[in-house]
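Here the structure is laid out as structure tokens; the discussion comes afterwards.
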Amino acid sequence: MKKQSKITILFRMVKLVKPLAGFMILAVIMGTLGFLCAQFIPIIGSVIVVHGLDADWTASLTPLFVTLIVIALMRAVLKYGEQRTNHYIAFTLLAIIRNKVFKALRRLCPAKLEGRDKGDLISLITSDVELLEVFYAHTISPICIALLVELVMVIFIGSYHFSLGLLALCAFVFVGAILPLIISKRSGTLGDELRADNGALAAYMLESIRGLDETVQYGGGAERLVCLTEKTKELSAKQGKLNKLTGTNLALANTFILFFDIVMLALCTALYHNGVVGFDGFLIPLVALMSSFGPVTALASLGTTLQATVASGARVLAVIDEEPETDDVTGKAPVSFEGAAVDHVTFSYGGEMVLCDVSMDYPENKIVGIVGKSGCGKSTLLKLLMRFWKTNVGTVSVSGKSVDEINTSNLRDMESYMTQETQLFKDTISNNIRIGRLGATEEEVVEASKKAAVHDFIMTLPDGYETQVGELGETLSGGERQRIGLARAFLHDAPFMLLDEPTSNLDSLNEAVILQSLKEESNGKTVVLVSHRRSTVRIADEVIAMENGRVS
């Protein structure tokens with residue numbers, strides 16, 4: 001996907017606020033009024049001082065003191081309201097963005113997600129999305145608030161003399177806009193590098209945890225620890241550099257605030273001594289400027305804090321924008337299964353030829369065995385029948401229609417697909433099997449388990465079908481996971497079964513039981529049975545051998 005500029009990313013992130021625009025306006029209004037209340041407390045104090053020094057001024061100061069108390073209380077209420085509203089906006093938008101990300105991942109799966117670091121995806125879904133909270137809660141409304149508040153203050157200060165207002169405008173623009181832009185330019189691509197390194201570290205950590213047994217067995221712990229330490233040091237060094245820039249930014253901001261305060265003092269003094277303004281024109285603009293840097297100080301740190309946020313936004317938007325290998329097909333007439341075929345199919349992946357001019361028929365009520373060495377293209381053929389990928393040349397058809405012309409939901413209903421590696425979720429055995437058909441009854445789950453020769457094993461467990469399988473099914477053996485995967489396929493009860501190495505992790509006895517069950521249950525179904533062992537496909541009505549992406 002084409003790389004987008006930071007400005008483009010920011011505008012796209014802002015557009016996501018549209019559903020909550022009313023809340024954002026409310027937050028800006030409350031924030032603006034809150035800051036003005038805070039700034040007018042010292043201003044009213046200076047008015048009291050001016051009038052207190054005026055012997056001829058006989059009006060009571062009580063209204064001014066009452067006003068001070070009222071705006072102080074209003075400041076607290078408005079600040080609370082603004083923060084609560086901003087965080088409501090932020091966390092609501094994070095939920096919306098997560099929903100968009102998960103929808104995008106569903107569209108991209110499985111073709112576009114194969115080979116991607118799972119740890120990096122986890123980092124994107126969690127920490128990258130979470131970092132966007134800074135943007136929605138502490139960036140958009142503060143910018144709007146700063147513009148409105150400082151505009152009011154420029155007008156107020158300028159009401160005493162235009163040169164004072166002009167100086168205030170220069171101070172606010174420099175501290176709140178120019179300085180952050182300079183710091184942002186200095187940080188360059190550091191934010192992008194930081195988020196990419198964070199994702200790489202997460203991927204390495206996940207890989208290390210999953211491979212802990214092998215690491216211990218072969219004594220690779222020291223080497224992985226060294227690599228982990230190096231990655232952590234690199235990440236810490238970049239984070240430290242970003243923190244240093246942030247500190248420098250704040251130090252420069254405070255320095256220039258002090259500088260503009262001194263310049264304002266000098267200008268007010270000159271105007272007072274020349275009789276251009278009175279004592280009120282000397283004191284009040286000076287106090288007003290000194291108390292008005294709060295909103296722009298909040299913006300001063302954006303030059304660095306936004307780096308990581310924009311980088312996270314870019315990663316999130318890249319996933320949302322990425323085009324799937326195959327779009328879902330909708331709006332077509334429903335199709336009933338009447339056999340399938342691949343006709344002169346050629347397919348390449350990553351520039352490497354996987355299938356070359358392959359043709360096969362899968363007639364109704366037949367078991368077709370496909371045998372060949374690992375890497376010869378057997379699994380790819382099943383994925384093309386599932387329409388996970390599109391063919392480069394040739395046609396994949398079901399019921400005489402190209403799979404590109406069949407509604408995706410209709411196609412998946414007609415097909416049961418069992419992969420080589422069965423993915424189990426941290427849930428009960430019953431619920432893991434029920435993934436094949438979510439509305440299935442307990443009796444149907446048990447029946448599918450019996451067909452997969454896993455029922456007897458389940459019943460030996462203390463909690464039976466309610467036994468928790470642990471993360472990734474870690475409490476079960478490879479063969480037990482595989483049989484649960486086969487139970488899913490039986491439960492789905494589709495007329496076209498695609499089984500990729502369904503018995504590779506089973507001993508000969510269990511393999512024989514499952515193959516016999518397949519033979520018995522295949523009545524009324526078409527089964528494509530893929531294996532690298534000829535013994536597995538012995539139940540097939542037809543056996544097709546493949547080698548190097550071709551039918552041999």
Side-chain angles (χ1 to χ4, degrees), residues 23-52 61-90 134 137-160 164-165 167-177 179-180 249-250 253-265 268 280-302 305:
F23 287 99
M24 183 60 72
I25 292 171
L26 179 62
V28 170
I29 292 172
M30 289 191 294
T32 301
L33 294 176
F35 266 112
L36 289 175
C37 285
Q39 290 167 5
F40 272 89
I41 289 174
I43 291 173
I44 293 174
S46 64
V47 171
I48 292 174
V49 170
V50 169
H51 290 305
L61 295 176
T62 301
L64 291 175
F65 283 111
V66 171
T67 302
L68 277 176
I69 295 172
V70 170
I71 63 175
L73 293 174
M74 286 179 61
R75 163 63 174 165
V77 173
L78 291 167
K79 181 66 175 177
Y80 172 79
E82 179 220 341
Q83 290 295 312
R84 177 157 186 165
T85 305
N86 273 330
H87 283 90
Y88 169 78
I89 293 169
V134 175
H138 307 291
T139 302
I140 299 179
S141 66
I143 291 175
C144 298
I145 290 167
L147 289 172
L148 293 173
V149 169
E150 306 309 11
L151 177 62
V152 172
M153 296 312 297
V154 166
I155 294 171
F156 176 75
I157 294 172
S159 67
Y160 287 89
L164 299 176
L167 177 58
L169 178 62
C170 292
F172 297 147
V173 170
F174 188 85
V175 175
L179 187 59
N249 189 20
L250 291 175
N254 289 327
T255 299
F256 281 106
I257 287 172
L258 181 59
F259 168 76
F260 283 111
D261 286 341
I262 293 172
V263 174
M264 178 62 82
L265 175 61
C268 287
D280 59 338
F282 164 80
L283 181 62
I284 295 175
L286 179 61
V287 172
L289 181 70
M290 288 181 172
S291 64
S292 299
F293 282 105
V296 291
T297 301
L299 301 185
S301 61
L302 292 182
T305 56

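Residues: numbered from 1 along the sequence shown.
When each of V28, V149, I25 is paired with C144, the side chain to side chain contact (heavy atoms under 4.5 Å, CB included) condition holds for V28 and for no other.
Distance check: I284 CD1 to I43 CD1 gives 8.0 Å after rounding to the nearest 0.5 Å. From C37, atom SG reaches atom CE of M30 across 12.5 Å, with rounding to the nearest 0.5 Å. Summarising the geometry, atom CD1 belonging to I89 is positioned 8.0 Å from atom CD1 belonging to I140; distances are rounded to the nearest 0.5 Å.
Using the six-membered ring where Trp is involved, F293 and F172 have ring planes that are perpendicular, over 60° apart on the 30 and 60° scheme. Using cut-offs of 30° and 60° for the angle between ring planes, the F256 and F260 rings count as tilted.
Residues E82 and I145 are in side-chain contact: their nearest non-hydrogen atoms beyond the backbone lie under 4.5 Å apart. Between I71 and I44 the shortest side-chain heavy-atom distance falls below 4.5 Å. Using a 4.5 Å heavy-atom cutoff, the side chains of L265 and F282 are in contact.
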Please evaluate residues D280 and Y160 with respect to the criterion side-chain contact (heavy atoms from CB on, under 4.5 Å), reporting the C-alpha separation (whole Å), side-chain torsions for both, the decisive distance (0.1 Å), and the verdict. CA-CA 9 Å; D280 59 338; Y160 287 89; 4.1 Å; yes

Kindly indicate, with the supporting measurements, whether the criterion side-chain contact (heavy atoms from CB on, under 4.5 Å) is fulfilled by T32 and V152. CA-CA 10 Å; T32 301; V152 172; 5.7 Å; no

Under the side-chain contact (heavy atoms from CB on, under 4.5 Å) rule, what do M153 and L36 come out as? Steps first, then yes or no, please. CA-CA 9 Å; M153 296 312 297; L36 289 175; 4.1 Å; yes

Check against side-chain contact (heavy atoms from CB on, under 4.5 Å), V66 and I69: CA-CA 5 Å; V66 171; I69 295 172; 5.7 Å; no

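Other residues, nucleotides and ligands contribute more than 12 heavy atoms inside 6.0 Å of the CZ atom of F174.
Taking the ring centre of F35 as origin, the terminal cationic atom of R75 falls inside the region bounded by 6.0 Å and 45° from the ring axis.
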